[in-house]
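I have placed the structure first, in the form of structure tokens, so that the comments after it can refer back to it.
Note that this is a predicted model, so its numbers are computed, not measured.
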There are 2 protein chains.
Amino acid sequence: MENGAIRVVSRAFSILVHLAQERRPLGISEIAESVALPKATVYRILDSLVGERAVMNRGGEYELGPVCLMLADAYRSQTGFAEAARPHLRALRDETKETVHLFAYERGEFYYLDKLESPYQVRMHSRIGAKASLFRLSAGRALLARLSPDEMKELPEPLPGEVASEFPEILSRGFAVDDEQNERGLRCVGAAVFDGSGRPLGAVSVSAPVYRFSSEMVDSYGLLVKRTAEAISKSAETLFPRAGGGERLRAERAGKMKERISSGGAPDER
Amino acid sequence: MENGAIRVVSRAFSILVHLAQERRPLGISEIAESVALPKATVYRILDSLVGERAVMNRGGEYELGPVCLMLADAYRSQTGFAEAARPHLRALRDETKETVHLFAYERGEFYYLDKLESPYQVRMHSRIGAKASLFRLSAGRALLARLSPDEMKELPEPLPGEVASEFPEILSRGFAVDDEQNERGLRCVGAAVFDGSGRPLGAVSVSAPVYRFSSEMVDSYGLLVKRTAEAISKSAETLFPRAGGGERLRAERAGKMKERISSGGAPDER
DNA sequence: GAAAAAAAATCCATGGAGCGAAACGAAAAT
DNA sequence: ATTTTCGTTTCGCTCCATGGATTTTTTTTC
């Protein structure tokens, strides 16, 4: 699954990801150097991506194109989770005036799913869609603490002992705390989110610089985060009706296959 | 640029776009049939895409993955335009209680960039990132009416006479109207957005079913849309400081190249 | 619960698709 | 005017992607 991959495809994505990281228009030579490929190769791949509207060519410089938006829009509506969480995240952000994050958990993977930013100038930075650390972030540890033994086995790396030792406290409080362990000067509280059948969906967190988020405030923000996570779990229950682990859901989906195929595509695209 | 493209790359994107359109987990056989490729080929491409986290394999069924979010997040911050427009769009949506759209214009291309939805059950549907029609939508015609002759030349299709004949009215009112011409029962008003140097950035529109958006309301909603477009243009001015078409910006960016390269990548990704 | 059917995953010989060094022309920089 | 840099094009070689066939797994049917 890693080296069985098609070479051009991974090359194309390494270019896309590089464009995403730089966040500015780049020339071919520059890209070629960064991704360590010959110019001609980069040129051809970029040309193909332009044809797919995944990148745009703006006067010799390249940047990401609107297809990226289309894919993300579909991704969000397909999970549903992010949309359901939005109003709760907004309430949490407005109450704390700090940056709040939504994380998704998927078979051992953990990543930033959504964020709402603090109005202050100094605030935490993050990249939606990027991988997040289950061990280092408060949101990650809050989730880990409530995983079943079966779910633990899916983790790509073994659980460090010092993380596991925090579980009892996390479970009793209902949220996890990160007191500058991940980054000096940054304090976070996080709580886990589950669906109706108890499957872990992800987590929520509030992050702020210590001078705005004192240790005395940990309990109050922690309670807010915990309540928000519970509220999101509640809305998720209606989204993913109680079911036996997902098998039933899969069967339902499969049943819809034929009718959907014959219904035809959208009129506006391609 | 169309047939000089790399075959696997366009195949990979046709699969991604298909997944985006279906908006549900799909099996290999089903995808293979839809995109008209052998199963083995689809399997290999999907496998590569999973390796890039562009799709996820959820028990034999495939759906879009978090990298899509990452690319879209970068796309949005790279244009800046969408972010700057957000608060104005929200005000417009809250005042009208109807779905508002933001469109981007880019060298003859026009597409949905953002939307905020009406709280009502019955509301317009659209796909962020998908192409939009410059000729049929009110937002498109509002933009066309204010393009310079040079910019007109970039249009992929010639301007229909009946569209051009509306320009004087659009210019005098400051917004364009679509009275069920695009779709029966749907009424829209749209206005164009420009940056500090007069370059067209896109357009804004309000869309609603005719029974909530009567012909008597066209002038009031039209005025709101016009004002919103002006406000967005104003904020865009500060984003893209008055400059001679962009050459200066390009030079500035180029200067930052070396320092950025040597600064290394983000610690959290890949 | 066994048999049948369908789908996913794997294998492999083959051809052409993708590759990249090099050359070219255009545009900046000096 | 000269040099450097960058984007684009060419072209012959090679190895990579291909897809038909096979095996394995899952689902359905009886």
Side-chain angles (χ1 to χ4, degrees), chain A residues 1-15 19 24-52 55-63 244-258 261, chain B residues 1-15 19 24-52 55-63 244-258 261:
Chain A
M1 191 188 281
E2 183 60 18
N3 29 3
I6 295 171
R7 195 175 48 173
V8 220
V9 173
S10 30
R11 285 176 170 183
F13 271 87
S14 75
I15 290 174
L19 284 172
R24 68 199 166 94
L26 297 176
I28 289 202
S29 306
E30 200 178 352
I31 298 172
E33 195 185 357
S34 301
V35 299
L37 286 174
K39 276 202 305 184
T41 303
V42 171
Y43 176 82
R44 225 173 320 105
I45 292 174
L46 277 171
D47 212 38
S48 306
L49 293 174
V50 167
E52 304 296 330
V55 311
M56 293 185 297
N57 183 346
R58 234 171 139 148
E61 298 195 305
Y62 293 83
E63 53 185 39
E247 273 62 38
R248 224 194 79 215
L249 284 167
R250 276 194 60 200
E252 276 177 26
R253 285 195 199 105
K256 289 186 188 166
M257 277 171 27
K258 265 104 192 192
I261 282 185
Chain B
M1 191 188 283
E2 184 59 20
N3 28 3
I6 296 171
R7 194 174 50 169
V8 222
V9 172
S10 28
R11 286 177 171 183
F13 271 88
S14 76
I15 290 174
L19 283 171
R24 66 200 167 93
L26 296 176
I28 288 198
S29 307
E30 199 179 353
I31 298 172
E33 196 185 357
S34 302
V35 301
L37 286 174
K39 279 205 295 187
T41 302
V42 170
Y43 177 83
R44 224 171 323 104
I45 293 174
L46 278 171
D47 211 39
S48 306
L49 292 173
V50 167
E52 304 296 332
V55 311
M56 293 185 298
N57 183 347
R58 235 172 139 145
E61 297 196 305
Y62 294 84
E63 54 185 37
E247 271 61 39
R248 224 194 80 216
L249 284 166
R250 276 190 60 198
E252 276 176 27
R253 285 195 198 106
K256 291 185 188 166
M257 277 172 24
K258 267 105 192 189
I261 283 183

For the pair made of OH in B:Tyr62 and P in C:dA8, what is the distance, rounded to whole Å? 8 Å
Measure across A:Val55 and A:Leu46 and return the closest heavy-atom pair with its distance rounded to 0.1 Å. CG2-O, 3.9 Å
Reported CG-to-CD distance for the pair A:Asp47 and A:Glu52, which is rounded to 0.5 angstrom: 11.0 Å
Interatomic distance where CD1 belongs to A:Ile28 and C1' belongs to C:dG20 [whole Å]: 14 Å
Quick one: is A:Tyr43 getting a side-chain N or O under 4.0 Å of the C:dG18 phosphate, OP1 or OP2? no
Is there side-chain contact between B:Arg24 and B:Glu63, with heavy atoms separated by less than 4.5 Å? no
Five pairs per end, C1' atoms only: what is the angle between the end axes of the helix from C:dG1-D:dC30 to C:dT30-D:dA1, to 10 degrees? 50°
Residues A:Tyr62 and A:Leu19: closest non-hydrogen pair is O-CD2, 3.6 Å
Show the atom names and distances, to 0.1 Å, of all donor-acceptor pairs under 3.5 Å that link a side chain in residues 6-14 of chain B to residues at least two apart or in another chain.
residue	atom	partner	partner atom	Å
B:Ser10	OG	B:Ile6	O	3.1
B:Ser10	OG	B:Arg7	O	3.1
B:Ser14	OG	B:Arg11	O	2.8

Could you tell me how far apart B:Glu61 (CD) and D:dT26 (C1') are, to the nearest whole angstrom? 12 Å
Each nucleotide of nucleotides 13-19 of chain D classed B (base within 4.0 Å of a protein heavy atom), S (only sugar-phosphate) or -, in 5' to 3' order, makes ---SSBB
What is the distance, to the nearest angstrom, from the CZ atom on A:Arg58 to the C1' atom on D:dG7? 19 Å
Measure the distance from CG on A:Leu46 to P on C:dG18 and round it to the nearest whole Å. 15 Å
Ignoring hydrogens and geometry, is there a side-chain-to-backbone donor-acceptor pair from B:Thr41 to B:Leu37 under 3.5 Å? no
How long is the straight-line distance from CD of A:Glu33 back to NZ of A:Lys39, given to the nearest 0.5 Å? 11.0 Å
As an exercise, state the distance from CZ of B:Arg44 to CD1 of B:Ile28, rounded to the nearest 0.5 Å. 11.0 Å
To the nearest angstrom, the CG-P distance between B:Leu26 and C:dA8 comes to 10 Å
Take atom NZ of B:Lys39 and atom C1' of D:dT24, then tell me their distance rounded to the nearest Å. 12 Å
About how many Å separate CG of A:Leu26 and OG of A:Ser34, when rounded to the nearest 0.5 Å? 7.0 Å
Value in whole Å for how far the P atom of D:dG7 lies from CG of A:Asn57: 10 Å
